[in-house]
Protein chains: 2
Amino acid sequence: MQIIKIEAGAVFHALADEIRLRMIRLMVVTGQESCLCEMVDSLLEPSYKLSRHLKILRQAGLLSSQKEGRWVYHRLVQTPAYMEQLYATIQALPDSDDIYSADLKRFRNRLSLREAGRCQIGIQSEAFKTGT
Amino acid sequence: MQIIKIEAGAVFHALADEIRLRMIRLMVVTGQESCLCEMVDSLLEPSYKLSRHLKILRQAGLLSSQKEGRWVYHRLVQTPAYMEQLYATIQALPDSDDIYSADLKRFRNRLSLREAGRCQIGIQSEAFKTGT
DNA sequence: TATATATTTGTGTTATAGCACAACTATGCA
DNA sequence: TGCATAGTTGTGCTATAACACAAATATATA
């Protein structure tokens, strides 16, 4: 068993970035885990960028990641206890710019493409990314 | 009336700095407002440094500041509603390095020097700062 | 009015963090 | 075995943020 010391203040640092907060919000609001390609299609940001941010969230103790074939699923960590309180706070945040509701709409669309609750396809937005 | 738009993500950015989190924790735990010199004596950091961090907290919407003679009192803002939830989360954070308990001890000592609930003295730690 | 002091701020420096490009690893499938 | 693709990471660049020093502002008091 590996003991990882997680600084309490590190969670705020992890959430201080807009990209990271957008991803966490999607998972908090939907309660869903997500693979990278689903995040790419929801936030419309390049995969290398989101991959690095997911790593930061993992190191801060907010996400645990699990490889499943080609895909890596990221999910919210529920411990220690204050984490759930933190998620409740995040859920209560306003959405003044409608950024999160747009993310959420795309995320739900993307989730509907799963089969048996698992992601079966890769990044869909890459194709029309250059055309926009 | 002045409308200030506060970005929801800005609160996390404000709390991402250790100095700022230490100050907010003192106010959250004690429920007390504080002037700069009391913070200086509690965190043992230079006043210009804490003054700048207090400004960032104010601009992020976490603190409101009120001048009272020579002193400026800073207090936690209670609105919008998710702020109180955020403070509850902060109060639940662990203190793995005993930094916060040391801050708290000094802060309580400093608060006991108030007269009629108001700060009457300036920075006390400056004197023995160089000698340590 | 002059001084002491609580607090703020201008400025240059340095450390940190996010970014894009491209190369790389790993896995499923033909 | 070779290819396509999900995901990660090395690297250099750039923007941001924290810092220390010093000067400035504001207010109480002698």
Side-chain angles (χ1 to χ4, degrees), chain A residues 7 9-10 12-23 33-60 63 65-74 110 113-115 118-127 129-130, chain B residues 7 9-10 12-23 33-60 63 65-74 110 113-115 118-127 129-130:
Chain A
E7 292 293 326
F12 292 120
H13 175 261
L15 295 171
D17 181 87
E18 192 201 333
I19 295 284
R20 293 196 289 269
L21 184 56
R22 285 168 70 191
M23 291 196 287
E33 58 189 347
S34 171
C35 59
L36 175 62
C37 58
E38 290 171 333
M39 282 290 142
V40 169
D41 283 346
S42 302
L43 273 67
L44 302 178
E45 294 284 346
S47 57
Y48 66 83
K49 187 173 171 178
L50 298 189
S51 178
R52 280 217 157 84
H53 283 297
L54 285 169
K55 185 180 183 178
I56 292 172
L57 289 169
R58 206 181 315 132
Q59 291 173 335
L63 294 181
S65 303
Q66 185 183 343
K67 189 160 190 173
E68 208 176 300
R70 282 202 260 198
W71 289 275
V72 178
Y73 287 91
H74 307 273
R110 191 54 167 73
L113 300 181
R114 285 188 185 175
E115 291 174 30
R118 301 281 95 181
C119 177
Q120 302 294 338
I121 57 176
I123 298 167
Q124 302 300 301
S125 58
E126 204 91 306
K129 201 67 167 301
T130 49
Chain B
E7 291 293 326
F12 292 120
H13 175 261
L15 295 171
D17 181 88
E18 194 200 333
I19 295 283
R20 293 196 290 268
L21 184 57
R22 284 168 70 191
M23 291 196 287
E33 57 189 348
S34 170
C35 60
L36 175 62
C37 59
E38 290 171 332
M39 282 289 141
V40 169
D41 282 347
S42 302
L43 273 65
L44 302 178
E45 295 283 346
S47 56
Y48 65 81
K49 187 173 170 178
L50 297 190
S51 177
R52 281 217 156 83
H53 282 296
L54 286 169
K55 184 179 184 179
I56 292 172
L57 289 168
R58 205 182 316 130
Q59 291 174 334
L63 295 180
S65 304
Q66 184 182 344
K67 189 159 190 173
E68 207 176 302
R70 283 203 260 198
W71 289 274
V72 177
Y73 288 91
H74 306 272
R110 191 55 167 70
L113 301 180
R114 285 188 185 175
E115 290 173 32
R118 301 281 93 182
C119 177
Q120 301 294 337
I121 58 176
I123 298 166
Q124 302 300 300
S125 58
E126 203 92 306
K129 202 66 167 301
T130 49

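The structure presented is a predicted model; accordingly, all values stated were derived computationally and were not measured. We name chains A, B, ... by the order of the sequence lines, and we start the count at 1 in each one.
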Quiz prompt | Over all atoms of both residues, closest heavy-atom pair of A/C35 and A/W71 | solution = SG-CD1, 3.8 Å

Quiz item: Taking all non-hydrogen atoms of both residues, which atom of B/I56 and which atom of B/R20 are closest, and how far apart?
Solution: CD1-NH1, 3.4 Å

Quiz item: Considering the options B/Q66, B/K55, B/E33, B/R58, which one meets the side chain to side chain contact (heavy atoms under 4.5 Å, CB included) requirement together with B/H74?
Solution: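 By the side chain to side chain contact (heavy atoms under 4.5 Å, CB included) criterion, B/H74 pairs with just one of B/Q66, B/K55, B/E33, B/R58: B/R58.
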
Could I get a table of every N or O pair under 3.5 Å where one atom is in the protein and the other is in nucleotides 10-14 of chain D?
residue	atom	partner	partner atom	Å
D/dG10	N7	A/R52	NH2	2.6
D/dG10	O6	A/R52	NH1	3.0
D/dG10	O6	A/R52	NH2	3.3

Let me know the distance between [atom1] of [X] and [atom2] of [N], rounded to the nearest Å.
{"X": "A/L50", "N": "D/dT9", "atom1": "CG", "atom2": "P", "result": "15 Å"}
{"X": "A/L113", "N": "D/dA6", "atom1": "CG", "atom2": "P", "result": "13 Å"}
{"X": "B/L57", "N": "D/dA17", "atom1": "CG", "atom2": "P", "result": "14 Å"}
{"X": "A/R58", "N": "D/dG7", "atom1": "CZ", "atom2": "P", "result": "11 Å"}
{"X": "A/I56", "N": "D/dG7", "atom1": "CD1", "atom2": "C1'", "result": "16 Å"}
{"X": "B/D41", "N": "C/dT5", "atom1": "CG", "atom2": "C1'", "result": "14 Å"}
{"X": "B/D17", "N": "C/dT16", "atom1": "CG", "atom2": "P", "result": "13 Å"}
{"X": "A/E18", "N": "D/dT16", "atom1": "CD", "atom2": "C1'", "result": "15 Å"}

Quiz item: Toward the 5' end of DNA chain C, which comes first, A/A16 or B/C35, by nearest nucleotide?
Solution: B/C35

Quiz item: When rounded to the nearest 0.5 angstrom, what distance separates CD in B/E68 from CZ in B/R118?
Solution: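 Here the interatomic distance stands at 4.5 Å.
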
Quiz item: Nearest 0.5 Å, what's the CZ-CG distance between A/R52 and A/L54?
Solution: 12.0 Å

Practice problem: Using a 4.0 Å heavy-atom cut-off across all strands, classify A/L54 as base, sugar-phosphate, or nothing. | Solution: nothing

Quiz item: Can B/L50 and B/I19 be said to form a side chain to side chain contact (heavy atoms under 4.5 Å, CB included), step by step?
Solution: CA-CA 8 Å; B/L50 297 190; B/I19 295 283; 3.4 Å; yes

Quiz item: Within the side chain of B/S51, is there an N or O that forms a donor-acceptor pair under 3.5 Å with the backbone of B/S47?
Solution: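 Side chain of B/S51 to backbone of B/S47, a donor-acceptor pair under 3.5 Å: no, none is there.
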
Do any N or O atoms of the protein come closer than 3.5 Å to N or O atoms of nucleotides 23-30 of chain C, and which pairs are they?
residue	atom	partner	partner atom	Å
C/dA26	O3'	A/K67	NZ	3.1

Quiz item: Below 4.5 Å, heavy atoms only, C-beta onward: do B/H53 and B/L21 meet side chain to side chain?
Solution: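 SC-SC contact between B/H53 and B/L21 ruled out.
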
Quiz item: B/C37 versus B/Q124: any side-chain heavy-atom pair under 4.5 Å?
Solution: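 SC-SC contact between B/C37 and B/Q124 ruled out.
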
Out of [options], which nucleotide sits closest to the side chain of [X]?
{"X": "B/R20", "options": "D/dA18, C/dA20, C/dT8", "answer": "D/dA18"}
{"X": "B/K49", "options": "D/dA20, D/dA17, C/dT7", "answer": "D/dA20"}
{"X": "A/H74", "options": "C/dG18, D/dT8, D/dA20", "answer": "D/dT8"}
{"X": "A/H53", "options": "C/dT8, C/dG18, D/dA18", "answer": "C/dG18"}

Quiz prompt | Phosphate contact (C/dA17 OP1 or OP2) by A/H13 side-chain N/O below 4.0 Å | solution =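 Checking A/H13 against C/dA17: at least one side-chain N or O falls below 4.0 Å of OP1 or OP2.
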
Quiz item: Partners of B/E115 by salt bridge (charged side-chain N to carboxylate O under 4.0 Å, His left out), sequence neighbours excluded?
Solution: none

